[in-house]
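Worksheet: one structure, shown below.
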Amino acid sequence: MTHPLITFLKTPMAAPETRRLRRMRRLWMVLCWSLALAVLLLPVLKALLGPWAALPALLLTVAAMLHGLAYFRAKARADDAFGREGRP
């Protein structure tokens, strides 16, 4: 007989990642990396776009936040459904 804590530690806590969730996660990561790049390239964008230089970073910030919200809600729903099924 194993200790209940050992059994708990061996039990997966998250649902297996579906193709849709994987695509959403990768898109969210691309948005985050693009935002970081836009911030790093802000001096170049200022030379190219003038007073509109911060617009790409602003749009990427909004897109990352909205997509992140959708992704994390979908991930939480998948994890909850996985936990209710009681899979080991």
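Counting from 1, the numbers follow the sequence of the chain as shown.
To the nearest 0.5 Å, atom CG of residue Leu27 and atom CZ of residue Arg22 are 14.5 Å apart. Interatomic distance, Leu59 CG to Leu35 CG, rounded to the nearest 0.5 Å: 10.5 Å.
Nearest heavy atoms, Thr61 versus Ala57: OG1-O, 2.7 Å. In plain terms, the two heavy atoms of Leu21 and Ala78 that are nearest each other are CD1-CB, 3.9 Å.
Residues meeting the side chain to side chain contact (heavy atoms under 4.5 Å, CB included) test with Arg20, sequence neighbours left out: Thr18, Arg23, Met24, Ala74.
Only one option out of Arg26, His67, Met65 pairs with Leu31 in a side-chain contact (heavy atoms from CB on, under 4.5 Å); it is His67.
By the 30° and 60° cut-offs, the orientation of the rings of Tyr71 relative to Trp28 is parallel.
Residues Val39 and Trp33 fall into different hydrophobic clusters, defined by Ile, Leu, Val, Met, Phe, Trp and Tyr side chains chained together at heavy-atom separations under 4.5 Å. Cluster membership for Leu48 and Leu60, using ILVMFWY side-chain heavy atoms within less than 4.5 angstrom, is not shared. A continuous path of hydrophobic side-chain contacts links Val44 to Trp52 [ILVMFWY only; heavy atoms under 4.5 Å].
Using a 4.5 Å cut-off on side-chain heavy atoms (C-beta onward), Leu49 and Leu55 make no contact.
Within a 6.0 Å radius of CZ in Arg19, other residues, nucleotides and ligands contribute 12 heavy atoms or fewer.
Residue pairs satisfying the salt bridge (charged side-chain N to carboxylate O under 4.0 Å, His left out) criterion with at least one member in residues 50-63, sequence neighbours excluded, are absent.
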